[in-house]
Chemist: 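Dropping a structure here in structure tokens format, bear with me for questions.
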Amino acid sequence: MLATIGELIYSPVLNAEEVRLIPTNQRGIYAAVSSFKFTGGDFISKLGIIIGVIKTMGNEFAYGINFNFRININNRFFVL
């Protein structure tokens, strides 16, 4: 509850300060890059969930396509 209240207070102040500090002719570029930190993180988290589901279903998923990921560390192969 405390974190939610802090976020409600912090978010408008952060956005107002970002807009105040950004040069007027570059506000669109800065806004796009600033929003990418949320959309990019959201995309990565959803992709991680999808990969986790595929890996738990085993190799039989998607008509027998092998979804094992191999990592080579010091000539030793690890299967994820």
Chemist: Mind checking the CG-CD1 spacing from Leu14 to Ile9? Nearest 0.5 Å is all I need.
Modeler: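 With rounding to 0.5 Å, CG (Leu14) is 14.0 Å from CD1 (Ile9).
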Chemist: Please identify each residue that fulfils side chain to side chain donor-acceptor pair (under 3.5 Å) with Glu17, with sequence neighbours left out.
Modeler: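 By the side chain to side chain donor-acceptor pair (under 3.5 Å) rule, Glu17 matches Arg20.
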Chemist: The criterion is side chain to side chain donor-acceptor pair (under 3.5 Å); which residues satisfy it with Asp42, sequence neighbours excluded?
Modeler: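 Only Lys46 meet the side chain to side chain donor-acceptor pair (under 3.5 Å) criterion with Asp42.
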Chemist: Please report the interatomic distance CD1(Ile44) to CD1(Ile51), rounded to the nearest 0.5 Å.
Modeler: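 Taking CD1 in Ile44 and CD1 in Ile51, the distance rounds to 10.5 Å.
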